[in-house]
Student: 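Supplied in structure tokens, the structure appears directly below.
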Amino acid sequence: MKEQQDDLKVYSEEVRDVLSHPPKSIFLWGNTIVFGFFIVLTVFSWIIKYPEFVPAPIVVTSQNPPEKIEARSNSKIEKIFIKDHQKVKKGDILFVLQSTANYSDVLELKKLVDSLSPNELLSFPLSKASHFKLGELQGDYNNFSKAFQDESLFSRLQPYAPESLAANQSLSESRGRIANLQLQKKLELTKYELTKKNYQRSQDLYNQGVIAAMEMENEKIKYLQAQQNLENINISISQMQENISNLNKTKSGTTINSEKDKINYSSQTLQLFEQLRKSLKQWEQSYLITSSTNGTASFQQFFGENQFVKAGDPIVSILPDHTEQLVGRMSVPAANTGKIIPGQKVLIKLDNYRFQEYGIIEGKVKNISMIPDDKGNYYVDIILQKGLKTSYNKTLKFDKELRGNGEIVTQDLRLIERFFYQIRKLLGYQN
């Protein structure tokens with residue numbers, strides 16, 4: 001206290017008066033400024049939002065994404081049919097990889113095979129295809145060629161035809177003989193009836209003592225001969241009928257064998273034809289790079305003929321003509337995925353376009369996969385309702401696919417809400 005009084009003695013009387021009795025307005029304005037600053041801080045903390053994000057890489061592509069074609073075998077590029085950024089159609093051949101076959105011969109053979117249905121195999125132009133150099137396909141083609149020739153020879157020579165013709169001739173002769181025997185049988189039957197009546201009359205006369213026993217016995221002999229002749233004719237007719245039955249069996253067996261061999265030859269040809277078609281398809285998948293859609297071809301790197309490529313190397317991408325709606329696909333780590341629900345806002349920053357210059361793209365969560373992949377990531381589908389229109393009102397150009405980073409807004413809290421949220425978390429930890 002004594003020291004303070006000593007300090008006051010140093011200052012002038014006016015200063016000592018102010019220091020000993022400060023004005024009330026200083027306290028009033030000071031409190032007002034502090035309170036006003038607190039109000040302004042509170043207002044700004046309510047206006048300013050501080051959202052919570054779940055970041056992850058994103059790929060923006062179309063619903064029918066670009067087709068990426070890879071080499072399926074280790075080989076050299078034999079022929080390139082297109083130029084970079086050239087329009088292509090579905091089924092166009094883009095590249096041909098080197099094989100042991102002449103690719104033009106294989107393509108010609110494929111055209112012939114595809115033009116024939118199974119019912120038209122006998123019209124296959126074997127003479128035209130005989131000079132083709134088919135490499136690894138040669139064995140399958142030779143097997144088909146042999147089966148085709150065997151069936152053609154069978155159809156042309158008809159080896160069962162002579163046997164069938166002989167059976168038909170024998171049947172015709174046997175039926176003629178039966179017809180003659182039937183006529184003879186009628187005559188013999190008439191003769192038999194007359195002889196029987198004469199024998200019965202002779203027997204009556206013999207019983208009356210009119211004729212001698214020898215004359216009656218002669219009539220009996222004639223009757224027995226007529227009976228025997230009729231029986232012989234019946235036996236001959238029965239034998240001829242049995243012969244006709246055997247001939248019909250032989251003819252039926254010949255027909256069955258002929259049809260059986262015909263089916264076997266046809267089945268063998270068809271089976272080997274389908275095997276050849278399958279081998280051509282496998283060769284096409286291994287050595288031909290073709291487009292499966294209409295679009296624009298883009299080389300993955302510089303390529304030239306005789307350049308070696310490995311199986312799995314990307315060769316070309318096809319950007320479809322109709323990209324339809326653009327979508328985003330995110331691969332999100334498991335952490336915080338429980339907060340992701342459909343309808344949440346997604347802010348997308350593309351690597352191709354700096355967001356500081358072009359702005360960001362806005363999307364919405366469409367759905368999230370129910371289970372993670374083998375790396376523990378969840379797939380999230382994003383809808384781009386405004387397409388590639390950015391926050392700077394610029395529309396970006398879509399080319400194949402665009403990569404970048406996406407941020408899913410899971411909680412769009414205000415700054416003051418987040419402050420109290422942190423306090424609540426601390427109190428929760430203490431409890």
Side-chain angles (χ1 to χ4, degrees), residues 67-82 86-155 262-295 297 299-300 303-318 320:
E67 176 192 16
K68 294 184 178 180
I69 305 176
E70 300 175 347
R72 299 184 182 91
S73 61
N74 299 326
S75 183
K76 291 182 179 180
I77 297 176
E78 184 170 353
K79 187 70 176 177
I80 301 176
F81 289 95
I82 61 167
Q86 178 180 324
K87 287 284 187 180
V88 296
K89 295 181 180 179
K90 182 178 180 180
D92 283 355
I93 299 175
L94 312 179
F95 289 75
V96 177
L97 302 183
Q98 199 173 73
S99 68
T100 57
N102 185 320
Y103 77 88
S104 59
D105 288 344
V106 176
L107 294 179
E108 186 66 24
L109 178 62
K110 184 178 182 302
K111 187 185 297 183
L112 292 174
V113 169
D114 291 342
S115 65
L116 295 176
S117 65
N119 297 328
E120 301 172 333
L121 287 185
L122 290 180
S123 62
F124 184 86
L126 196 65
S127 58
K128 182 179 180 180
S130 60
H131 67 279
F132 288 165
K133 296 179 181 179
L134 303 175
E136 57 263 52
L137 300 174
Q138 195 67 54
D140 290 327
Y141 173 77
N142 290 341
N143 292 336
F144 164 71
S145 176
K146 183 179 182 303
F148 176 84
Q149 290 176 334
D150 290 343
E151 184 180 4
S152 298
L153 285 174
F154 179 82
S155 299
K262 182 180 178 180
I263 292 172
N264 287 338
Y265 281 121
S266 178
S267 176
Q268 183 73 5
T269 304
L270 179 59
Q271 180 181 353
L272 293 174
F273 178 77
E274 292 301 328
Q275 177 61 40
L276 177 61
R277 190 198 298 274
K278 180 181 177 182
S279 299
L280 284 168
K281 188 67 176 177
Q282 291 175 345
W283 184 92
E284 180 183 7
Q285 292 177 347
S286 299
Y287 299 105
L288 291 186
I289 306 297
T290 58
S291 173
S292 62
T293 185
N294 299 333
F299 293 176
Q300 296 296 102
F303 288 108
E305 294 181 0
N306 294 319
Q307 180 177 341
F308 184 81
V309 293
K310 295 181 180 179
D313 285 350
I315 302 294
V316 65
S317 295
I318 308 297

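Quick caveat: nothing in here was measured; it's all calculated off a predicted structure.
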Student: Please list, chain by chain and in numerical order, all residues satisfying salt bridge (Lys or Arg N to Asp or Glu O under 4.0 Å) with Glu78, sequence neighbours excluded.
Tutor: none

Student: Please report, to 0.1 Å, the donor-acceptor pairs under 3.5 Å made by any side chain of residues 122-132, with sequence neighbours excluded.
Tutor:
{"unit_1": "Ser123", "atom_1": "OG", "unit_2": "Glu120", "atom_2": "O", "d": "2.6"}
{"unit_1": "Lys128", "atom_1": "NZ", "unit_2": "Glu108", "atom_2": "OE2", "d": "3.4"}
{"unit_1": "Ser130", "atom_1": "OG", "unit_2": "Ser127", "atom_2": "O", "d": "2.9"}
{"unit_1": "His131", "atom_1": "ND1", "unit_2": "Lys128", "atom_2": "O", "d": "2.8"}

Student: Side chain to side chain donor-acceptor pair (under 3.5 Å) with Asn306: which residues, sequence neighbours excluded?
Tutor: none

Student: Ignoring hydrogens, what is the shortest heavy-atom contact between Lys310 and Ala71? Give both atom names and the distance.
Tutor: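 Minimum heavy-atom separation between Lys310 and Ala71: O-CB, 3.4 Å.
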
Student: For Lys146, check side chain to side chain donor-acceptor pair (under 3.5 Å) against everything at least two apart and list the hits.
Tutor: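 Result, side chain to side chain donor-acceptor pair (under 3.5 Å) vs Lys146: Asp150.
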
Student: Test of understanding: with ring-ring contact (aromatic ring centres under 6.0 Å, His included), list the residues that count as partners of Phe154, not counting sequence neighbours.
Tutor: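 Phe154: ring-ring contact (aromatic ring centres under 6.0 Å, His included) contacts with Tyr265.
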
Student: Test of understanding: with side chain to side chain contact (heavy atoms under 4.5 Å, CB included), list the residues that count as partners of Gln138, not counting sequence neighbours.
Tutor: Leu134, Tyr141, Asn142

Student: Short question: side chain of Asn143, backbone of Gly139 - any donor-acceptor pair under 3.5 Å?
Tutor: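 Indeed, once roles are kept as given, a pair shorter than 3.5 Å links the two residues.
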
Student: Tell me every residue that passes side chain to side chain contact (heavy atoms under 4.5 Å, CB included) with Ser73, counting only those two or more places apart in sequence or in another chain.
Tutor: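 For Ser73, the residues satisfying side chain to side chain contact (heavy atoms under 4.5 Å, CB included) (neighbours in sequence not counted) are Ser75, Leu97, Tyr287.
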
Student: Can you name the residues that form a salt bridge (Lys or Arg N to Asp or Glu O under 4.0 Å) with Lys90, not counting sequence neighbours?
Tutor: none

Student: Rounded to the nearest 0.5 Å, how far does OG of Ser115 lie from NZ of Lys110?
Tutor: 10.5 Å

Student: Hey, is the main chain of Gln282 close enough, under 3.5 Å, to the side chain of Gln285 for a donor-acceptor pair?
Tutor: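 Here the side-chain-to-backbone pair does not exist.
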
Student: Checking the side chain of Asn74 only, and the main-chain atoms of Ala311 only, is there a donor and an acceptor separated by less than 3.5 Å?
Tutor: yes

Student: Report the C-alpha separation of Glu284 and Leu107 in whole Å, then their side-chain angles, then the decisive distance to 0.1 Å, and conclude whether the side-chain contact (heavy atoms from CB on, under 4.5 Å) test is met.
Tutor: CA-CA 9 Å; Glu284 180 183 7; Leu107 294 179; over 6 Å; no

Student: Look at the side chain of Ser266 and the backbone N and O of Lys262, then say whether any donor-acceptor pair between them is shorter than 3.5 Å.
Tutor: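 Pair absent, no side-chain N/O of Ser266 close to backbone of Lys262.
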
Student: Show the numbers, then the answer: is there a side-chain contact (heavy atoms from CB on, under 4.5 Å) between Leu280 and Leu137?
Tutor: CA-CA 7 Å; Leu280 284 168; Leu137 300 174; 3.5 Å; yes

Student: Excluding sequence neighbours, so at least two apart, what forms side chain to side chain contact (heavy atoms under 4.5 Å, CB included) with Glu305?
Tutor: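 With sequence neighbours excluded, Glu305 shows a side chain to side chain contact (heavy atoms under 4.5 Å, CB included) to Lys79, Ile80, given in chain and number order.
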
Student: With sequence neighbours excluded, what pairs up with Asn102 under the side chain to side chain donor-acceptor pair (under 3.5 Å) test?
Tutor: Ser104

Student: What's the spacing between Glu136 CD and Thr100 OG1 if we round to 0.5 Å?
Tutor: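 Output value for this atom pair is 3.5 Å.
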
Student: Report the distance from atom CZ of Arg72 to atom CD1 of Ile315, rounding to the nearest 0.5 Å.
Tutor: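 With rounding to 0.5 Å, CZ (Arg72) is 10.0 Å from CD1 (Ile315).
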
Student: Is the shortest heavy-atom distance from the side chain of Val88 to the side chain of Ile82 under 4.5 Å?
Tutor: yes

Student: Kindly determine whether Leu94 and Thr290 satisfy side-chain contact (heavy atoms from CB on, under 4.5 Å), including the steps that lead there.
Tutor: CA-CA 5 Å; Leu94 312 179; Thr290 58; 5.7 Å; no

Student: With sequence neighbours left out, write down each residue that passes side chain to side chain contact (heavy atoms under 4.5 Å, CB included) with Ala147, or none if nothing qualifies.
Tutor: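 In terms of side chain to side chain contact (heavy atoms under 4.5 Å, CB included), with neighbours along the sequence ignored, Ala147 is linked to Gln268, Thr269, Leu272.
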
Student: Looking at CG of Asp313 and CZ of Phe308, how far apart are the two atoms once the value is rounded to the nearest 0.5 Å?
Tutor: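 Interatomic distance, Asp313 CG to Phe308 CZ, rounded to 0.5 Å: 8.5 Å.
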
Student: Measuring from Ser291:OG to Lys87:NZ, what's the distance to the nearest 0.5 Å?
Tutor: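 Output value for this atom pair is 11.0 Å.
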
Student: To the nearest 0.5 Å, what is the distance between CZ (Phe95) and OH (Tyr103)?
Tutor: 13.5 Å

Student: Going by the rule side chain to side chain donor-acceptor pair (under 3.5 Å), which residues pair with Asp92 if we only count those two or more places apart in sequence or in a different chain?
Tutor: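 Once residues adjacent in sequence are excluded, Asp92 has no partner under the side chain to side chain donor-acceptor pair (under 3.5 Å) criterion.
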
Student: Can you tell whether the side chains of Asp140 and Lys278 come within less than 4.0 Å, N to carboxylate O?
Tutor: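 Salt bridge absent between Asp140 and Lys278.
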
